[in-house]
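Any value given below was found using the heavy atoms of this structure, including those in side chains, with hydrogens, waters and symmetry copies removed. Note that the numbering runs from 1 along the sequence shown for the chain. If you're wondering where the values come from, they're calculated on a predicted model, not measured in any experiment.
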Amino acid sequence: MCTDRPEDCPEKPPGPVFVSGRQHSGNTVVSLIFARIPGCFAIDQEGIFFDHRTRLDRTKDPVPRARWIASNLKLRSDELTRQAIDHLSAWARQHRDADALAQYLEVMRYLTATTGNRFWQQKATGYIFHGRQVLTSIPDSRMVYLIRNPYDVSASLKRRAPWHERIVGWGISWNKGLAIARRLKQDFPGRVHLLRYEHLVSQPQQSVAALCEFVGVPFDPSYLDVPHVNPAEAMYQVVDGPRGLNTSRLYYYVDRLSPAEIAALDLVVSRRWIKHYYPDLPHRSKPRTAAATLGGFWLVALGPFHYGWTKLRIGRNTQSGPFIERMLRRLLAR
């Protein structure tokens with residue numbers, strides 16, 4: 001019973017926090033910031049549960065489903081993964097009617113408690129396309145959505161994977177992700193936080209303090225002492241070296257993208273969102289040549305074919321059913 005004594009009224013821990021945003025937008029660094037918050041069990045690898053939730057619920061035997069969920073949390077500790085598999089498998093045998101979401105929440109509860117923490121955080125760039133489902137099915141959850149100007153995002157992708165389509169598909173997904181995030185922020189007051197990458201790296205203390213206030217935890221400047229992560233030339237790595245947030249990758253697209261690529265993105269990305277969030281992009285003060293304009297139209301025309309080839313290259317080593325189902329869900333997300 002809650003009395004006047006503080007020890008009898010423990011503070012309710014924050015609910016789960018999902019960090020989303022298009023790739024190369026600062027999702028991993030925000031997860032590493034969460035990992036420095038006392039009491040937070042943070043997973044900085046890409047979450048995929050909600051991409052597979054419907055398929056998992058079609059699995060009749062709860063034990064193989066539980067093993068799949070626990071095996072695909074992408075924990076950095078093999079021992080912790082083994083413990084999660086063992087616990088959730090045993091729990092599934094005792095709760096055979098539990099659906100996939102109940103199993104997922106149970107294993108996250110177990111991991112949070114086992115590691116001595118109070119709440120958990122999961123990074124999942126694609127979860128914006130499941131945002132309404134996440135926020136509805138987990139009533140105490142919150143979502144942080146990272147926004148980065150699409151030109152720098154495209155430049156980062158170009159540096160990491162030059163073969164990847166980075167104009168049409170990338171621009172459309174940037175438009176759609178941001179539109180969904182803004183709609184969710186309106187529909188779920190107080191549960192969605194939009195964080196601009198540019199503010200994060202140029203005003204780190206102010207940005208992270210606001211992030212902590214959104215989650216409901218005290219801010220400490222030590223949370224900013226994170227390593228440089230996921231540089232474009234290093235595939236999904238946390239890199240040893242200088243720590244802290246810096247502006248070295250701010251508006252570097254001017255030197256990384258060709259004039260035609262910049263012109264093509266101008267045609268694809270939402271002028272409304274650019275005007276609202278990025279009215280002073282550096283390339284807009286420079287005249288555009290006729291060659292750049294023609295090259296931009298050509299890249300946009302080729303974009304759908306390049307995008308299809310890219311997805312085939314990515315998806316050929318995965319099961320075609322789940323891959324196609326995931327793509328359709330993202331296209332239809334609202």
Side-chain angles (χ1 to χ4, degrees), residues 6-7 9-47 73-77 79-81 108-125 127 140-148 152 156 190-232 234 236-252:
E7 60 269 28
C9 303
E11 180 185 355
K12 183 179 179 181
V17 181
F18 294 91
V19 175
S20 189
R22 307 317 300 134
Q23 291 90 336
H24 308 278
S25 296
N27 305 285
T28 303
V29 74
V30 170
S31 291
L32 292 177
I33 289 171
F34 271 107
R36 297 187 63 81
I37 297 176
C40 180
F41 175 70
I43 303 178
D44 60 46
Q45 299 295 296
E46 190 74 10
L73 293 174
K74 300 184 181 180
L75 307 177
R76 291 191 176 274
S77 167
E79 174 59 23
L80 200 57
T81 298
M108 294 308 300
R109 182 208 63 77
Y110 168 79
L111 289 168
T112 302
T114 297
T115 55
N117 289 295
R118 300 173 61 245
F119 72 104
W120 52 272
Q121 174 267 319
Q122 169 75 74
K123 185 192 85 168
T125 57
Y127 275 14
D140 62 341
S141 64
R142 289 178 171 84
M143 179 169 284
V144 178
Y145 188 75
L146 272 294
I147 307 169
R148 188 183 185 187
D152 275 346
S156 290
R191 296 178 61 195
V192 178
H193 181 68
L194 305 185
L195 175 58
R196 278 184 54 185
Y197 170 86
E198 292 80 8
H199 288 170
L200 178 64
V201 298
S202 62
Q203 305 169 33
Q205 185 155 325
Q206 178 183 343
S207 297
V208 176
L211 185 64
C212 290
E213 182 179 2
F214 167 71
V215 175
V217 297
F219 168 73
D220 191 287
S222 66
Y223 301 162
L224 306 178
D225 186 29
V226 292
H228 186 55
V229 298
N230 281 9
Y236 306 112
Q237 295 178 11
V238 176
V239 179
D240 292 331
R243 301 179 71 86
L245 301 169
N246 63 76
T247 59
S248 63
R249 301 297 171 95
L250 204 60
Y251 302 121
Y252 80 140

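The backbone N or O of Gly26 sits nowhere less than 3.5 Å from a side-chain atom of Arg148 that would complete a donor-acceptor pair. Remark: side-chain polar atoms of Arg36 are paired, donor with acceptor, to backbone N or O of Ser222 under 3.5 angstrom. Side-chain N or O atoms of Thr125 include none that pairs as donor or acceptor with a backbone N or O of Arg22 at under 3.5 Å.
If you check the side chains of Thr112 and Arg118, you find no donor sitting under 3.5 Å from an acceptor.
In this view, Phe219 satisfies the ring-ring contact (aromatic ring centres under 6.0 Å, His included) rule with no residue, not counting sequence neighbours. Considering only residues two or more places apart in sequence or on other chains, Gln121 meets the side-chain hydrogen bond (donor to acceptor under 3.5 Å, both in side chains) condition with Ser31. By the ring-ring contact (aromatic ring centres under 6.0 Å, His included) test, Tyr145 pairs with no residue at all, sequence neighbours left out. With sequence neighbours excluded, no residue forms a side-chain hydrogen bond (donor to acceptor under 3.5 Å, both in side chains) with Asn27.
Contact between Ser20 and Ala124 at its shortest, heavy atoms only, is OG-O, 3.1 Å. The heavy-atom pair separating Lys74 from Glu46 by the smallest distance is CD-O, 3.2 Å. In terms of heavy atoms, Arg191 sits closest to Asp140 at NH2-N, 4.2 Å. Considering all non-hydrogen atoms of both residues, Cys212 and Pro218 come closest at SG-O, 4.1 Å.
Residues Pro38 and Tyr223 form a side-chain contact, since some pair of their non-hydrogen atoms from C-beta on lies under 4.5 Å apart. The closest side-chain heavy-atom distance from Thr81 to Leu73 is not below 4.5 Å. The shortest side-chain heavy-atom distance between Leu111 and Leu75 falls under the 4.5 Å cut-off. Inter-residue side-chain proximity for Leu80 and Phe41 is flagged as met; some heavy-atom pair is nearer than 4.5 Å.
To the nearest 0.5 Å, atom OG1 of residue Thr115 and atom CH2 of residue Trp120 are 12.5 Å apart. In this structure, NE2 in His24 is found 11.5 Å from CG in Asp152, a value given to the nearest 0.5 Å. In this structure, the separation between CG on Leu195 and OG on Ser207 is 5.5 Å, given to the nearest 0.5 Å. Note that the CE atom of Met143 and the CZ atom of Phe214 stand 9.5 Å from one another [nearest 0.5 Å]. With rounding to the nearest 0.5 Å, the separation of OG1 in Thr28 from CD in Gln45 is 7.5 Å. Ile43 CD1 to Gln122 CD: the interatomic distance, rounded to the nearest 0.5 Å, is 4.5 Å.
Below 30°, between 30° and 60°, or above 60°: for Phe18 and Tyr127 the angle between ring planes is between 30° and 60°, a tilted geometry.
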Review item, side-chain donor-acceptor pairs of residues 197-204, under 3.5 Å, at least two apart:
residue: Glu198; atom: OE1; partner: Tyr278; partner atom: OH; Å: 2.7
residue: Glu198; atom: OE2; partner: Asn149; partner atom: N; Å: 3.0
residue: Glu198; atom: OE2; partner: Asn149; partner atom: ND2; Å: 3.3
residue: Glu198; atom: OE2; partner: Tyr278; partner atom: OH; Å: 3.3
residue: Ser202; atom: OG; partner: Glu198; partner atom: O; Å: 2.6

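Evaluation of the salt bridge (charged side-chain N to carboxylate O under 4.0 Å, His left out) test over residues 211-221, restricted to residues two or more places apart or in two chains, returns none.
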